Structure formats: C-alpha cells, structure tokens
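One structure below.
Just so it is clear, the structure is predicted and the values come from calculations on it, not from any experiment. Chain letters run A, B, ... following the sequence lines, proteins first and then strands; every chain starts at 1. Computation of the quantities below employed the complete heavy-atom set of this structure, encompassing side-chain atoms and omitting hydrogens, waters and symmetry-equivalent molecules.
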Protein chains: 2
Amino acid sequence: MPKQTNTKQKIIDAAIDLIAKNGYKGASVRKIAAEVGIRESAIYNHFKNKEEILKVIVSQIFATPFETHDIEERAKKGKSFLHQFAVAYKLVSFDRKMEKLFRVLMIELFQNGQLRESFLQELHQKEIQQLSKAFFVMMQEGLIRSADPMFMAQEFLSPLFYIRLQVSLLRIDSKSTAPIAAHFEKHVDFFWESIAL
Amino acid sequence: MPKQTNTKQKIIDAAIDLIAKNGYKGASVRKIAAEVGIRESAIYNHFKNKEEILKVIVSQIFATPFETHDIEERAKKGKSFLHQFAVAYKLVSFDRKMEKLFRVLMIELFQNGQLRESFLQELHQKEIQQLSKAFFVMMQEGLIRSADPMFMAQEFLSPLFYIRLQVSLLRIDSKSTAPIAAHFEKHVDFFWESIAL
DNA sequence: ACCGCATATGAACAAGTGATCATATGACTT
DNA sequence: AAGTCATATGATCACTTGTTCATATGCGGT
C-alpha cells in the first residue's frame with residue numbers, strides 16, 4: 001500500500017468538487033472514490049458514512065476567514081475600512097477553494113437545516129454584527145450620517161453578496177468575470193458617497 | 001376513472017412542492033405520483049419524462065410578474081416609483097407559490113446551465129435594465145445625483161434580493177419573518193436618502 | 001522474521017431510481 | 001349496446017444508491 005498520501009484530504013477535495021457540480025445527492029460515494037482513485041468501500045475506512053464527509057466540508061465553509069479584531073479602532077478610518085472589508089470579500093469570492101465551498105453552500109442551503117442555521121447565525125449574523133459595530137463608531141466619530149447601524153450593515157453587505165453570487169455563476173460556465181470584478185470597489189465608492197457627511 | 005380533475009396540474013404542483021423541499025434529484029417520480037395519488041407509470045401519460053416536468057416548472061419561474069410598461073413616465077415620480085417596485089418585489093417574496101418557485105430556482109441554479117442562463121438574462125438583466133432606465137430618467141429630472149444608472153440599479157436591487165433570500169430561508173423552518181418584513185420599505189427610504197438631491 | 005494495524009479490495013445486500021409495457025377501467029360518442 | 005380513447009394500474013427492466021463484510025496487502029515497530 002502507498003504510505004502517507006493523506007487519502008482523507010483527497011476524499012474531501014473530491015467530494016467538494018463533485019458536490020459543487022452536482023449537489024450532495026449527485027455526488028455518490030462511488031464517484032468520489034473514483035476521483036480519488038480507490039474503491040467505494042475504502043472510503044469507509046476514513047469516514048463513518050457519506051454524511052460525515054459533508055459535515056467536514058460544512059465546517060470548512062464557516063471557518064471564518066475575516067479579520068475580527070480591532071474593529072472599533074479600524075472603523076475610525078471610515079471609507080478605507082469599508083474598502084478593506086470589500087477587498088477581503090472580493091478575494092474570498094475569487095479564491096478557487098472558497099468559491100467551490102460557496103457553491104456547496106448555495107446548493108445545500110435550502111435542503112439542509114443545519115447548514116441554514118449556521119449560515120444565518122455564524123456567517124450572516126457575524127458579518128452584520130461586525131459591520132454594524134464599525135458603522136456605529138463611524139457615526140460617533142461624525143464620519144457618516146446617523147441611521148440604524150444594523151440596517152446599514154445589511155445595506156452594505158447585500159450588494160457584496162450579490163456580486164459574489166454573480167461571480168460564482170459566471171465562473172461555472174467559464175464566462176468572463178471582468179465586467180463585474182471592479183464592482184466590489186465601486187460599491188464602496190457608491191456606498192460611501194451615500195452615507196458620508 | 002375520474003373525469004377532468006386536471007391531473008397534469010396536480011403533478012406540476014406536487015413536483016414543485018417536492019423539488020422545493022428536496023431538490024430535483026430528491027423528487028422522485030414515485031414520490032410525485034404518490035402525492036398526486038396515482039402510480040408512477042401514470043405520470044408518463046402526462047409527461048414524456050421527468051425532465052419535461054422540470055421544464056414546465058422552470059418556464060413558470062420566469063413568467064415575468066412585474067409591470068414593464070410606462071417606466072419612463074412612472075420614474076418621474078422618484079421615490080414613489082422605487083417604493084412601488086419594492087412593494088411589488090415584497091409581494092412576490094411572500095407569495096406562497098412564488099416563494100416555492102424561488103426555492104426551486106436557488107436549488108437548481110448551480111446545477112442547471114439552462115436555468116442559469118435564463119436567470120442571468122431573463123430575470124436579472126431585465127430587472128436591471130428597467131431600473132436603470134428609471135434611474136436615468138430621475139437623473140435627467142434632477143431628482144437624484146448622477147451616477148452610472150446600471151450600477152445604481154444593481155445597488156438598489158441586490159438588497160431586495162438578499163431580503164427575499166432571507167425570507168425564503170426563514171419560512172422553510174417556519175420561523176417568523178416579522179423582523180425583516182419591513183426591510184423592503186426601509187431599504188427604499190435608506191436608498192432614496194442616499195441618492196436624492 | 002514476525003506481528004499488528006491501517007488501509008485497500010471485491011462481492012454482496014436491500015432499497016430506490018427512471019422508464020416501459022401489456023392490460024384494465026370507465027367516461028364519452030355513436 | 002358497442003366502440004373509442006384518455007388515463008389508470010401492476011409487473012418488470014436495468015441501473016445506481018449507501019453500506020457491510022470477509023479478505024488481502026504492505027508499512028512500522030518489536
């Protein structure tokens with residue numbers, strides 16, 4: 001037998017690929033095994049069952065990639081904080097691995113209650129809370145007009161999400177994302193002009 | 001045999017229900033037939049195969065429900081046009097049938113190239129074009145600040161889409177949508193304040 | 001050299017899949 | 001009453017699904 005070639009990771013990667021293409025139900029254990037180069041029964045030496053594979057993948061989706069420290073301090077910089085946030089969001093949107101995980105998320109979101117819970121609580125809520133903290137600081141500093149910080153956070157975040165969705169859809173069909181790549185930064189410009197005093 | 005009870009429509013409705021819950025692959029011909037109250041073989045008297053059912057459903061998704069006439073004229077009213085648009089969007093978001101179709105769309109969007117094409121071209125592009133026409137008029141009328149109308153349309157539309165997504169997710173788990181129901185109108189207020197001169 | 005342990009295989013399973021076909025049923029028209 | 005036609009059934013098909021199990025293989029430590 002081959003030595004430590006970390007089959008487990010290969011299985012996860014193959015599963016991500018297949019689920020991102022065909023969904024959880026479309027990614028059969030046999031197809032995953034075939035892509036790794038082993039038989040389906042060998043999979044069960046690494047995972048109790050198919051669902052365990054999904055769980056590992058899901059946990060990767062919510063492994064927070066965003067900087068969460070010093071929000072209050074960094075927020076004082078106003079627009080450049082928003083710019084930083086948007087650029088980080090852009091990077092994640094274009095990262096190959098993260099993009100696949102995003103597809104898995106979108107595909108399974110409506111069919112997996114656990115995933116839904118995590119998306120709303122861990123991902124959405126966390127990002128909103130961070131952003132609303134930042135907007136609150138900006139209001140105190142007199143940088144922006146005053147409004148409900150939480151609502152403002154949603155208004156700022158949702159266009160970023162929508163652009164990410166478009167990027168993901170275009171990339172599946174190998175279409176060019178050039179026309180909307182600049183949208184992330186453009187959104188910051190537009191939004192800042194919308195709230196700056 | 002029972003007379004004209006329109007089994008075909010029953011099949012479509014059952015299929016929408018099941019696909020909205022379990023995805024296309026999770027909605028087996030047998031399950032659809034069971035929900036209608038017939039055997040699976042009877043389905044094939046009404047549809048050539050399973051995919052034909054999906055095609056009919058997909059066509060319903062893109063049956064445009066939004067008013068498309070008199071955009072230029074109605075746009076002159078400024079904020080109240082945007083309000084109208086948002087409220088129409090809200091109604092569609094909460095309509096039971098449209099909500100199910102939205103779920104079908106989201107579930108299959110990443111797995112069905114035809115659906116992707118239609119979504120980007122027929123739905124997204126159409127809405128953006130209408131809105132950008134409206135914003136262009138508003139700029140000419142001196143109601144709002146000047147900017148790229150197309151981009152402004154996206155900025156206006158994406159939060160509405162995101163709210164719709166949240167509504168749909170909350171409703172699956174029978175959670176209350178009360179906290180975000182007012183977001184549609186709130187978005188119009190916020191956005192108008194962002195662009196009004 | 002031996003053993004154990006992790007990992008592989010191939011066969012088998014029960015269940016479910018989409019689809020087909022001969023056959024039956026019953027509401028219409030004639 | 002007879003015949004037609006749309007629609008139903010039940011059996012059956014070839015195939016795929018997730019999972020299990022007995023068995024094999026070979027690397028690392030003794």
Side-chain angles (χ1 to χ4, degrees), chain A residues 1-60 103-104 107-108 110-115, chain B residues 1-60 103-104 107-108 110-115:
Chain A
M1 294 292 122
K3 39 182 264 179
Q4 184 74 353
T5 36
N6 214 349
T7 309
K8 189 159 185 169
Q9 190 56 48
K10 280 189 191 170
I11 293 171
I12 293 170
D13 290 340
I16 291 174
D17 268 340
L18 284 168
I19 296 176
K21 270 186 208 130
N22 313 313
Y24 178 67
K25 276 163 192 150
S28 74
V29 178
R30 274 167 183 81
K31 281 180 194 160
I32 295 171
E35 199 154 291
V36 175
I38 56 178
R39 304 288 156 247
E40 66 268 20
S41 46
I43 297 266
Y44 292 87
N45 285 320
H46 302 274
F47 296 92
K48 186 171 135 257
N49 51 36
K50 192 187 169 185
E51 223 196 319
E52 287 296 314
I53 304 177
L54 182 61
K55 277 188 188 166
V56 173
I57 294 173
V58 167
S59 76
Q60 289 191 16
R103 276 189 229 172
V104 174
I107 291 175
E108 297 305 315
F110 285 84
Q111 300 174 68
N112 186 324
Q114 174 63 45
L115 200 58
Chain B
M1 295 295 119
K3 37 184 263 180
Q4 184 76 351
T5 36
N6 213 348
T7 309
K8 189 158 185 169
Q9 190 55 48
K10 280 189 191 170
I11 293 171
I12 293 171
D13 291 339
I16 291 175
D17 268 339
L18 284 168
I19 296 177
K21 271 186 205 129
N22 313 314
Y24 178 69
K25 277 163 193 149
S28 74
V29 178
R30 275 167 184 80
K31 282 180 192 161
I32 295 171
E35 200 154 290
V36 175
I38 55 177
R39 304 288 156 248
E40 66 268 20
S41 46
I43 297 268
Y44 292 89
N45 284 321
H46 302 275
F47 296 93
K48 187 172 135 256
N49 52 35
K50 192 187 168 186
E51 223 196 320
E52 287 297 314
I53 304 178
L54 181 62
K55 276 188 189 167
V56 173
I57 295 173
V58 167
S59 76
Q60 290 191 15
R103 277 189 229 172
V104 174
I107 290 175
E108 297 304 316
F110 285 84
Q111 300 175 67
N112 186 323
Q114 173 63 44
L115 199 58

Atom pair CD1/CD of B/Ile12 and B/Gln9 - distance to nearest 0.5 Å: 4.5 Å
Residues in side-chain hydrogen bond (donor to acceptor under 3.5 Å, both in side chains) contact with B/Glu40, at least two apart in sequence or another chain: none
Counting only pairs under 3.5 Å, give me each side-chain donor-acceptor contact of residues 48-57 of chain B, with atom names and distances, residues two or more places apart or in other chains.
residue: B/Asn49; atom: OD1; partner: B/Glu51; partner atom: N; Å: 3.3
residue: B/Asn49; atom: OD1; partner: B/Glu52; partner atom: N; Å: 3.2
residue: B/Lys50; atom: NZ; partner: B/Tyr24; partner atom: O; Å: 2.8
residue: B/Lys50; atom: NZ; partner: B/Ala27; partner atom: O; Å: 3.2

Pair up each side-chain donor or acceptor in residues 29-36 of chain A with any protein partner under 3.5 Å, not counting sequence neighbours, and list the distances.
none

Within this structure, what is the CD1-to-P distance between A/Ile38 and C/dA8, rounded to whole angstrom? 5 Å
Stepwise side chain to side chain contact (heavy atoms under 4.5 Å, CB included) test for A/Val58 and A/Gln114: CA-CA 9 Å; A/Val58 167; A/Gln114 174 63 45; 5.5 Å; no
Strictly below 4.0 Å: does B/Arg39 bring a side-chain N or O up to OP1 or OP2 of D/dG10? yes
B/Asp17: partners by salt bridge (Lys or Arg N to Asp or Glu O under 4.0 Å), with sequence neighbours left out: B/Lys100
Please give me every residue in residues 9-23 of chain B whose heavy atoms get under 4.0 Å of an atom in DNA chain D, ordered by residue number. none
For D/dA6, take OP1 and OP2 only and decide whether either is under 4.0 Å from a side-chain N or O of B/His46. no
Taking the nucleotide of DNA chain C with the nearest heavy atom to each, does A/Ile43 or B/Gly26 sit closer to the 5' end? A/Ile43
Could you tell me which non-hydrogen atom of B/Ile107 sits nearest to which non-hydrogen atom of B/Ile19, and how far apart they are? CD1-O, 3.5 Å
Could you tell me whether the side chain of A/Asn45 has a donor or acceptor atom within less than 3.5 Å of a complementary atom in the base of C/dA8? yes
Nearest-Å distance, CZ (A/Phe47) to C1' (C/dA8)? 16 Å
Nearest 0.5 Å please: distance from the CG atom of A/Asn45 over to the NZ atom of A/Lys8. 11.0 Å
Could you encode protein contacts along nucleotides 18-23 of chain C as a string, one character per nucleotide from 5' to 3', using B for base contact, S for sugar-phosphate-only contact and - for no contact, with a heavy-atom cut-off of under 4.0 Å? BBBB--
